[in-house]
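Report on one structure; see the data block that follows.
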Amino acid sequence: MKTIAALPFLPFIIAAQLRESSDSPRQLQQECAIRSTYLGCYKDRGSDRALPDEIFGNKSRGITGPQCEAACASAGYEVWGHQFKGQCFCGDMDDGFGKHGVASGCNCCGDNVGSSKFCAYAIDGTAPGCGGSGVSTSSTYVGCYRNKNKNRALPVQVDGTGWSAMECESACTARGFEFFAREWKGQCFCGSGNYDMHGPAKDCDCCGSNVGGNKMCVWHTLGK
């Protein structure tokens with residue numbers, strides 16, 4: 001499994017290597033990302049992919065932006081790309097996501113991004129409110145998601161409240177689970193997938209005294 005490295009050099013790489021497409025407002029293109037920064041709209045080629053890993057399988061379709069972001073983040077990649085009718089590609093900064101040049105007219109958050117072009121995003125490894133990932137280097141932050149009391153996305157709850165992110169990580173890892181989440185006033189949940197079943201959420205305070213109502217911060221244990 002790959003490990004996400006810190007990206008303090010990100011602005012310099014983007015400025016030196018490529019120029020960003022400005023055909024659409026950045027805010028609009030950012031709407032389908034939970035924890036990533038929009039890099040731009042770029043050309044791609046089927047015979048020489050700008051981002052090498054089509055993580056949901058060859059010619060997959062219908063993958064949303066948040067689903068693509070979460071999958072690439074969980075696999076330890078630095079960059080994800082949303083393409084055509086919901087194809088999802090992952091890679092790293094040094095894979096050269098802009099090697100085929102800048103494109104125009106990308107509909108990044110729509111049903112069809114466009115033909116032979118993709119929207120690129122850089123994954124932010126910081127969990128909101130944590131000043132970092134909030135956990136050990138053996139795990140990575142996936143994102144902020146909705147949850148429901150009667151249909152938990154991660155089904156196993158560790159008893160009590162007041163769990164820190166790192167304490168929750170230890171408890172779920174010891175139980176053999178791949179994902180863990182901190183919710184509300186420090187509730188801790190564990191599971192093996194389907195953390196995004198209720199959709200993405202916003203404004204999670206992942207390491208605060210109250211994460212937020214009916215939403216949770218999810219991490220993936222990289223060692224799994």
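Excluded from the calculations below are hydrogen atoms, water molecules and symmetry mates; all remaining heavy atoms, backbone and side chain alike, are included.
- Atom CD of E178 is separated from atom SG of C190 by 12.5 Å, given to the nearest 0.5 angstrom.
- Salt bridge annotation for D111-K85: absent, with no cationic side-chain nitrogen under 4.0 angstrom from a carboxylate oxygen.
- For the pair H82 (side chain) and G110 (backbone), a donor-acceptor distance under 3.5 Å is absent.
- Contact annotation: the side chain of C172 never approaches that of T221 to less than 4.5 Å [non-hydrogen atoms, C-beta and beyond].
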In sequence, state the C-alpha distance, the side-chain angles, and the governing distance for C168 and W219, and then conclude on side chain to side chain contact (heavy atoms under 4.5 Å, CB included). CA-CA 10 Å; C168 183; W219 288 263; over 6 Å; no

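- When hydrophobic clusters are built by joining Ile, Leu, Val, Met, Phe, Trp and Tyr residues whose side-chain heavy atoms come closer than 4.5 Å, directly or via intermediates, I34 is grouped together with V218.
- Nearest heavy-atom pair, S74 versus H220, reported as atom, atom and distance to 0.1 Å: O-ND1, 3.0 Å.
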Taking it one step at a time, do C68 and C88 satisfy disulfide bond (SG atoms under 2.5 Å apart)? CA-CA 6 Å; C68 183; C88 174; 2.1 Å; yes

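- A donor-acceptor pair is defined here as one N or O able to donate and one able to accept, closer than 3.5 Å; such a pair exists between the side chain of Q30 and the backbone of S36.
- In the hydrophobic clustering of ILVMFWY residues, with side-chain heavy atoms under 4.5 Å counting as a link, F97 and F89 come out together.
- M216 approaches A181 most closely through the heavy-atom pair SD-CB, 3.7 Å.
- One hydrophobic cluster holds both F179 and Y145 under the rule that ILVMFWY side chains link at heavy-atom gaps under 4.5 Å.
- In this structure, the separation between OG on S104 and NZ on K43 is 8.0 Å, given to the nearest 0.5 Å.
- Connection of M93 to L51 is established within a shared hydrophobic cluster, with ILVMFWY side chains joined at heavy-atom distances below 4.5 Å, either directly or through further cluster members.
- The number of heavy-atom neighbours closer than 6.0 Å to CG of D159, taken from other residues, nucleotides and ligands shown, is 12 or below.
- Between S136 and M166, the shortest heavy-atom contact is N-CE, 3.8 Å.
- Note: S209 OG to K185 NZ = 8.0 Å, rounded to the nearest 0.5 Å.
- The CD atom of E31 lies 12.5 Å from the OH atom of Y38; values are rounded to the nearest 0.5 Å.
- Remark: C144 SG to C206 SG, distance not under 2.5 Å.
- Side-chain contact between V102 and Y42 is present, with at least one heavy-atom pair separated by less than 4.5 Å.
- Checked by atom type and distance alone, the side chain of R182 never pairs as donor or acceptor with a backbone atom of E169 at under 3.5 Å.
- The shortest heavy-atom contact between A50 and D44 is N-OD1, 2.9 Å.
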Would V158 and F189 count as a side chain to side chain contact (heavy atoms under 4.5 Å, CB included) if you check the C-alpha gap in whole Å, the side-chain angles of each, and the deciding distance to 0.1 Å? CA-CA 6 Å; V158 182; F189 293 90; over 6 Å; no

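- A 4.5 Å side-chain heavy-atom check between D205 and N210 finds every atom pair outside the cut-off.
- Considering only heavy atoms from C-beta on, E78 stays 4.5 Å or farther from D95 through its side chain.
- No donor-acceptor pair under 3.5 Å is formed between the side chain of N147 and the backbone N or O of H198.
- For the pairing with E183, the salt bridge (charged side-chain N to carboxylate O under 4.0 Å, His left out) check across R152, K148, K215 returns one residue only, R152.
- For the pair Q87/R61, a side-chain contact is recorded, criterion being any heavy-atom separation below 4.5 Å from C-beta on.
- For the two cysteine residues C106 and C119, the thiol sulfurs sit 2.5 Å or further apart.
- Hydrophobic clustering (ILVMFWY, side-chain heavy atoms < 4.5 Å, transitive): F180 and L154 are in distinct clusters.
- Here the closest non-hydrogen pair linking N112 and N107 is O-CB, 3.5 Å.
- The backbone N or O of D48 lies less than 3.5 Å from a partner atom in the side chain of H100, making a donor-acceptor pair.
- Between I123 and C72, the closest side-chain pair of non-hydrogen atoms falls below 4.5 Å.
- The SG atoms of C109 and C32 lie less than 2.5 Å from each other.
- With rounding to the nearest 0.5 angstrom, the CZ atom of F84 is 14.0 Å from the CD1 atom of I63.
- Although no hydrogens or angles enter the test, the distance criterion places no donor-acceptor pair under 3.5 Å between the side chain of D53 and the main chain of C90.
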